[in-house]
A.B. asks: 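Quick one: this structure, given as structure tokens, is what I'll be asking you about.
Atoms within each ligand, like the ligands themselves, are counted from 1 in listed order.
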Amino acid sequence: MKKAIVTGISGQDGAYLAKLLLSNNYKVFGIVRTNLKSFSNLEYLKINNEIEFVYCDLLNISEVEKTINDINPDEIYNLAAQSSVFQSYLQPITTFEFNTISVFNLIESIKKINPKIKLYQASSSEMFGRVKNLPINEESVIHPVSPYAISKVAAHYTCVNYRESYDMFISCGILFNHESYLRNENFFVKKVIRESLEISLNKKDDLKVGNIDIKRDFGYAPKYVEAMHLMLQQETASDYLVCSGQSVSLKEIIYYVFDRLNISKSKCIIDKTLYRPSDIEDIYGTNEKAKKELNWQYDLNFFAVLDILLEEEIKNYKK
Ligand SMILES: C[C@H]1O[C@H](OP(=O)(O)OP(=O)(O)OC[C@H]2O[C@@H](n3cnc4c(=O)[nH]c(N)nc43)[C@H](O)[C@@H]2O)[C@@H](O)[C@@H](O)C1=O
């Protein structure tokens, strides 16, 4: 039986990935921070009793070394991060510190204890930032425009450097926005779905959003975690874009959800305090490499994903 460590297991991707690994007969060890005890995503997927939780501070290299040494996993999926771009403007230094030092600690520990352990690193499309040519591919110019993106660039190149210098198996999935029922409500799509549902039930007056003159490449999270797993099943490590290949406007998403719930467009209010100091106007990537080399399958249109998310939100809404 293969053993996998998943950091960030309580988040959206961690939960779906853990479920996938369990269904592939893995023993899954979930790294959790001592102060975080919310496993609602794992409970929702009914897998919390199948996971072995390990408390480990990823900023403490001694704890990381001990954890890896004790478990000696085949694979490590590093999904732990301060993942909110908006928050990163408010807490740039702690974002940078966590998102980079945790990666160094994992890689240095793997190198020392067992360099054969395969590592997956969660990189982000935010690294491309000031986009010049679309679609983005694996060779596109990196130009981050937020503290979060800067931290992800540093972590990404730490991985690339150790892979090239020490021949370690480290693959980075460069994921574009990906959504699900389990997404935290701080993120745009979940917020739109949740709050629109509340408006339709007369529990909320309106939907306040920031800049919606923006287009993003959105996908479905449960499918994106499949690409993570596939990356670590290859002969050689590499980096892959994981995206849908199309961008959708934020305004269109709101109007689509409003339309489905019979809400007037006038209920959408622009709130300038939700604007970011800088944002990406339009971004989408090509998923050709992931499809060709990993045999990853993805053909979902994002409006079909919105239908799935709406249905799940309605089904689970507690009055
Ligand atoms: C790939 C990337 O994907 C995610 O980061 P994100 O793109 O910042 O995600 P989001 O859902 O917060 O914003 C999407 C867009 O929506 C705009 N927007 C407008 N109005 C509101 C609004 O009211 N709330 C939010 N949250 N966003 C808004 C906002 O300005 C942005 O342009 C993370 O997984 C990250 O970890 C990651 O790597």
A.B. asks: Is there a polar contact between ligand 1 and S125, counting only N or O atoms under 3.5 Å apart?
C.D. replies: no

A.B. asks: Under 4.0 Å from ligand 1, counting heavy atoms only, is it the side chain of H178, its backbone, both or neither?
C.D. replies: neither

A.B. asks: I need the atoms of ligand 1 closer than 4.0 Å to a non-hydrogen atom of S124, numbered in the order shown.
C.D. replies: 1 (C), 2 (C), 37 (C), 38 (O)

A.B. asks: Applying a strict 4.0 Å limit to heavy atoms, is R183 in contact with ligand 1?
C.D. replies: yes

A.B. asks: Indicate the atoms forming the closest heavy-atom contact of L230 with L294, along with that distance.
C.D. replies: CD1-O, 3.5 Å

A.B. asks: Are any side-chain N or O atoms of T286 and backbone N or O atoms of N137, one a donor and one an acceptor, separated by less than 3.5 Å?
C.D. replies: no

A.B. asks: Looking only at distances, can you tell me whether any N or O atom of F188, backbone or side chain, sits closer than 3.5 Å to an N or O atom of ligand 1?
C.D. replies: yes

A.B. asks: Go through ligand 1 atom by atom and flag the ones less than 4.0 Å from a non-hydrogen atom of V85.
C.D. replies: 5 (O), 8 (O)

A.B. asks: Do any nitrogen or oxygen atoms of S84 come within less than 3.5 Å of a nitrogen or oxygen of ligand 1?
C.D. replies: no

A.B. asks: Report the C-alpha separation of K191 and E195 in whole Å, then their side-chain angles, then the decisive distance to 0.1 Å, and conclude whether the salt bridge (charged side-chain N to carboxylate O under 4.0 Å, His left out) test is met.
C.D. replies: CA-CA 6 Å; K191 174 179 165 176; E195 297 194 5; 5.2 Å; no

A.B. asks: Any atom of ligand 1 sitting under 4.0 Å from a heavy atom of L175?
C.D. replies: yes

A.B. asks: Kindly indicate whether the side chain of L42, heavy atoms from C-beta on, has any atom under 4.5 Å from the side chain of F53.
C.D. replies: yes

A.B. asks: Give the atom numbers and elements of ligand 1 that come within less than 4.0 Å of a heavy atom of I214.
C.D. replies: 32 (O)

A.B. asks: Is L274 in polar range of ligand 1, meaning some N or O pair under 3.5 Å apart?
C.D. replies: no

A.B. asks: Which bit of K191 gets closer than 4.0 Å to ligand 1, counting heavy atoms only: side chain, backbone, both or neither?
C.D. replies: side chain

A.B. asks: Could you walk me through whether E126 and K152 pass the salt bridge (charged side-chain N to carboxylate O under 4.0 Å, His left out) test, one step at a time?
C.D. replies: CA-CA 8 Å; E126 287 289 306; K152 282 292 176 181; over 6 Å; no

A.B. asks: Establish, for the pair K3 and Y26, whether the NZ or CZ atom is under 6.0 angstrom from the six-membered ring centre and no further than 45 degrees off its axis.
C.D. replies: no

